[in-house]
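These notes concern the structure reproduced below.
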Amino acid sequence: MTLAVIQMASQADIATNLATATRLLEQAAVAGAKLAVLPENFAAMGRSDLARVGRDEAEGVGPILPWLARTASELGLWLVGGTLPLPPDGQPQGKVCACSLLIDDKGQRVARYDKLHLFDAEVSDAQGRYRESDSYAAGDRIVVADTPVGRLGMTVCYDLRFPDLYTALRLAGAELISAPSAFTRVTGRAHWEILIRARAIETQCYMLAAAQGGEHPGGRLTHGHSAIVDFWGQVVAERDEGEVALSAERDVAAQQAARERMPLSRHRRFSAPRMASGTLE
Ligand SMILES: O=C(O)CNC(=O)[C@H](CS)NC(=O)CCC(=O)C(=O)O
């Protein structure tokens, strides 16, 4: 059971980014991967017309959704389509969501997760402030889905700072958790590795942390350090910056044994049953 995460340094041009992602996913497939996670905003970074990009996709005239379906089926890979902008289901106008799609190896859409926590934060004088909620609407539910490599819980980037979400995913049976990301260089240096390892340790899940790592339009710098972290918090694959396909094996028996030796889910005194039922409302 080989898992892969893709790191990119995406630019504004969608066709160029999709060509890069194709090349990296081909490498993941050659390495034997059955599921690969693309980073946040893999198809486009630094564009001001994301709502239009998302509406084109929803109307069936954009390039990203057909590319995801074609690439998954041609390579025989399950894909987590990092994030792309998509209008909320049934609401074609207005803000888009930062949407992470799970696509099976026939190119069919299996699950959709809309980023729950939006990054509205002042990072530093040099890196400026982010107001993701100006252009994006937040999701309102947790998502787990079964794949050939295990039950996947879906998250995105800034979600990593909210451990209750990960607890809810574990309670919903997650064995692997995807976290496509575009951490800033400043916050990434301080917190990224600690966050992804902590989420792995406390959920006893594999973390598939696929990041943007490099320079983007407008001088935006991302931290990179994409990684696959195992259920014990060990970083089993990692790359600092630039384009790369990382892969690692999921050891099902070892993960099961670790969960039995230290049964965190049985020992939990504070649970979040409201969230584990699948909705936050
Ligand atoms: O801006 C874009 O082009 C794409 N979107 C993102 O990169 C998102 C929302 S602004 N970034 C994050 O969530 C960073 C979180 C983070 O860095 C932290 O929690 O420290």
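Just so you know, these numbers use all the heavy atoms, side chains as well, and skip hydrogens, waters and symmetry mates. Counting begins at 1 with the first residue of the sequence. All values derive from a computational prediction rather than experimental measurement. Just so you know, ligand 1 is whichever comes first in the structure, and atom 1 is the first atom listed for that ligand.
When the heavy atoms of F119, Y136, F183 are ranked by distance to atom 10 (S) of ligand 1, first place goes to F119.
Atom 1 (O) of ligand 1 has its closest protein heavy atom at R220 NH1, 2.6 Å. Ranking the protein heavy atoms by distance from atom 6 (C) of ligand 1 puts E40 OE1, 3.6 Å first. The nearest protein atom to atom 5 (N) of ligand 1, hydrogens excluded, is given as N41 ND2, 3.2 Å; this is a heavy-atom distance. Of all protein heavy atoms, the one lying nearest to atom 12 (C) of ligand 1 is C157 SG, 3.0 Å. Here the protein heavy atom with the shortest distance to atom 19 (O) of ligand 1 is R161 NE, 2.7 Å.
The T187 neighbourhood of ligand 1 comprises atoms 16 (C), 17 (O), 18 (C), 20 (O), with distances under 4.0 Å to a heavy atom of that residue.
Here the options are R239, E238, R189, the test is side chain to side chain contact (heavy atoms under 4.5 Å, CB included), and the partner is H225; only E238 passes.
Side-chain contact, S226 with Q7: a donor N or O sits under 3.5 Å from an acceptor N or O.
One finds a salt bridge joining R197 and E193 here, because a Lys/Arg side-chain nitrogen approaches an Asp/Glu carboxylate oxygen to under 4.0 Å. Contact check on R47 versus D49 returns a salt bridge, with a Lys/Arg side-chain nitrogen under 4.0 Å from an Asp/Glu carboxylate oxygen. The residues E241 and R185 are annotated as salt-bridged, a charged nitrogen and a carboxylate oxygen being separated by less than 4.0 angstrom.
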Would you mind writing out the side-chain donor-acceptor pairs for residues 35-43 within the sub-3.5 Å range, not counting sequence neighbours?
| unit_1 | atom_1 | unit_2 | atom_2 | d |
| --- | --- | --- | --- | --- |
| E40 | OE1 | A182 | N | 3.2 |
| E40 | OE2 | K115 | NZ | 3.0 |

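Residue contacts with ligand 1: Y130 is placed with no nitrogen or oxygen under 3.5 Å of a nitrogen or oxygen of the ligand (distance criterion only).
Counting heavy atoms closer than 4.0 Å to ligand 1, residue K115 contributes side-chain atoms (C-beta onward) but none from N, CA, C or O.
Between Y166 and F162, the gap from one ring centroid to the other reaches at least 6.0 Å.
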